[in-house]
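Reviewing the structure listed below.
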Amino acid sequence: MTVRTRFAPSPTGVLHVGGARTALFCWLQARAAGGQFILRIEDTDLERSTAESVQAILDGMDWLGLDYDEGPHYQSQRFERYAAVAEELLAQGKAYRCYCSKQRLEALRAQQMQAGLKPRYDGHCRDGAAGAGETSPVVRFRNPADGTVVFEDLVRGTIRISNAELDDLVIARPDGSPTYNFTVVVDDLDMRITHVIRGDDHINNTPRQINIYRALGAEPPAFAHVPMILGADGARLSKRHGAVGVMQYRDLGYLPQALLNYLVRLGWSHGDQEVFSVAELLERFDVRDVNRKAAAFDPDKLDWLNQHYQRSLPAAEVAGHLAWQFEALGIDAGAGPPLTDLVGVQADRVKTLREMAEQSRVFYQELEGFEAGAARKHLRPVCEPVLRALRERLRDLVDWSPESLNNVVRIVADELEVGMGKVAQPLRVALAGSAVSPSIDRTLWLVGRDRSLRRLDDALEYVVFRAERH
RNA sequence: GCUCCCUUCGUCUAGCGGUCAGGACGCCGCCCUCUCAAGGCGGAAACACGAGUUCGAUUCUCGUAGGGAGCGCCA
């Protein structure tokens with residue numbers, strides 16, 4: 001039997017990292033087995049579902065590269081199907097109409113809570129239409145009264161829940177619209193899903209769903225309940241933890257490969273290996289190896305992985321993502337060195353592409369001036385000969401390559417009999433405006449000859465001016 | 001309240017009865033060095049607790065404690 005999994009989000013917000021990880025697990029489980037991955041939008045709640053959210057989910061999946069073989073299917077377009085199945089259940093006596101008012105139900109719940117009981121529907125309408133009348137009824141599923149539902153969860157092992165804990169859940173509202181526990185079952189059956197992989201907040205729903213499968217005369221699929229993702233502080237992930245949406249990570253400058261790798265290792269592992277290509281994951285992943293414990297999201301480790309991918313992925317690929325950042329920050333990538341050169345130099349100096357773009361402005365835009373502290377410390381009057389010597393040689397340099405540039409700096413240092421630091425730091429401040437930049441040869445290389453000479457002129461002017469004032 | 005689930009360094013994890021409890025991120029120190037990084041080397045750091053089972057428990061069982069989830073005409 002070919003493996004078929006689905007990711008079934010409700011479109012009530014962006015695709016957050018927890019959902020993305022579930023989607024990733026589903027995608028891997030299916031594709032690793034040569035099966036199919038299906039996307040289904042659970043938008044039965046017309047009140048809360050929005051088209052923007054649907055788009056946000058699609059965008060997130062797309063950015064992560066989680067493509068689907070079927071779908072997206074929309075539950076909102078399958079109402080007739082659910083109604084037909086409910087009707088079928090009704091006809092077979094496996095479901096019944098319930099006329100209980102909300103007030104009665106509320107009173108019942110309050111009463112049960114007070115008595116220290118678990119709030120459950122009491123089966124008032126179970127054996128006959130008590131008060132079939134004005135109010136339009138809901139349809140309730142007739143849950144088995146006794147016995148125990150047992151299932152083998154792929155990550156938790158055996159889980160058993162007594163039917164006595166369950167009640168007759170509503171499967172259709174007065175207006176005929178279906179409810180969650182019913183639609184999942186109908187859909188997973190119709191879509192021939194073999195492995196239901198979802199958050200562990202659904203463990204408690206599973207027995208109810210299994211009962212519905214049985215009522216429908218079907219065998220339930222395999223279930224795998226994966227733990228949720230917590231914020232760095234161990235509390236449930238929420239907006240106050242900073243970025244929770246997948247696309248926010250793109251905005252912050254993370255590579256999709258890094259986020260994917262980070263997410264898959266959150267809960268899943270394969271020995272001591274930390275870095276996995278998608279191809280490797282497809283070879284090794286098995287949802288059975290997913291951990292049972294909820295995991296805290298660690299931004300530092302994501303940073304580390306992102307840096308790893310920044311320098312190990314083909315520069316052209318990284319440059320493509322970097323171009324997006326330039327765009328977002330309003331920096332003209334055409335006004336400086338090729339982005340692939342920039343990536344080669346900056347990849348192991350910054351954690352994110354956003355940082356990379358921000359710290360590369362000096363190669364694409366004019367300097368705002370020299371940073372005060374750096375200029376005071378490094379652009380001293382004594383530097384004048386050094387800066388002049390550098391300017392001369394750089395002007396005449398034929399081969400503007402990192403190697404030649406490095407030679408120039410060394411030669412100047414030798415000739416003036418000073419250490420590298422006495423040459424590189426003033427030059428650095430002249431070129432970058434600050435005391436921090438890539439190695440001096442790379443900095444020269446990226447700034448380019450024209451800009452470098454101009455900036456040296458500005459620095460000389462500054463140094464001379466400063467000398468005169470004292 | 002009831003039911004279900006979870007518990008190895010700060011964090012992510014390996015472990016599948018006998019290990020000096022391993023790796024990674026982060027942190028600390030040293031080295032390298034033209035700045036910042038990166039890199040190299042080294043270090044501190046964990047089996048929640050209590051009973052069993054066993055020659056022997058991190059590992060199996062049961063409790064306790066602490067977390068989490070569900071108990072909707074939300075999904």
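Just so you know, these numbers use all the heavy atoms, side chains as well, and skip hydrogens, waters and symmetry mates. These numbers were taken from a predicted model, which means no experiment stands behind them.
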Any strand: nucleotide that pairs with B/A48 via Watson-Crick or wobble, under 3.5 Å: B/U64
Which is true for A/K377 with a 4.0 Å heavy-atom rule: it touches a base, it touches only sugar-phosphate, or it touches nothing? nothing
Can you tell me how far P of B/C71 sits from CZ of A/R109, to the nearest Å? 10 Å
If we call it a pair only when both distances are under 3.5 Å in a Watson-Crick or G-U wobble match, what pairs with B/G72? none
Nucleotide forming a Watson-Crick or wobble pair with B/A24, both distances under 3.5 Å: B/U11
Mind checking A/V170 for me? I need base, sugar-phosphate or nothing, with any heavy atom below 4.0 Å counting as a touch. sugar-phosphate
Whole-Å gap separating C1' (B/U11) and CG (A/N291): 13 Å
Could you tell me how far apart A/E47 (CD) and B/C73 (C1') are, to the nearest whole angstrom? 12 Å
Between A/E384 and A/R391 (salt bridge meaning N to carboxylate O under 4.0 Å), is one present in this structure? no
When all nucleic acid strands are considered with a 4.0 Å heavy-atom cut-off, which category describes A/S439: base, sugar-phosphate, or nothing? base
Contact class for A/T179 (heavy atom, under 4.0 Å): base, sugar-phosphate, or nothing? sugar-phosphate
Sugar-phosphate, base or nothing in reach of A/T44, heavy atoms under 4.0 Å: sugar-phosphate
Checking N1-N3 plus N6-O4 or O6-N4 for Watson-Crick, or N1-O2 and O6-N3 for wobble, each under 3.5 Å, the partner of B/U59 is none
Pick the C1' atom in B/C16 and in B/A69, then give their distance to the nearest Å. 27 Å
Give A/I203 one of three labels, base, sugar-phosphate or nothing, depending on what nucleic acid heavy atoms sit under 4.0 Å from its own. sugar-phosphate
Classify the side chain of A/Q273 and the base of B/G23 as holding, or not holding, a donor-acceptor pair under 3.5 Å. no
Between the base of B/G22 and the side chain of A/D272, is there any donor-acceptor pair under 3.5 Å? yes
What does A/H225 touch in the nucleic acid at a heavy-atom separation under 4.0 angstrom: a base, only the sugar-phosphate, or nothing? nothing
Check: B/C5 base within 3.5 Å donor-acceptor of A/R156 side chain: no
Length of the line joining A/W304:CH2 and B/U13:P, which is rounded to integer Å: 15 Å
What is the separation between atom CG on A/L39 and atom P on B/A75, rounded to the nearest whole Å? 17 Å
Result for 5'-nearest mapping on RNA chain B, choosing between A/P438 and A/E42, is A/P438
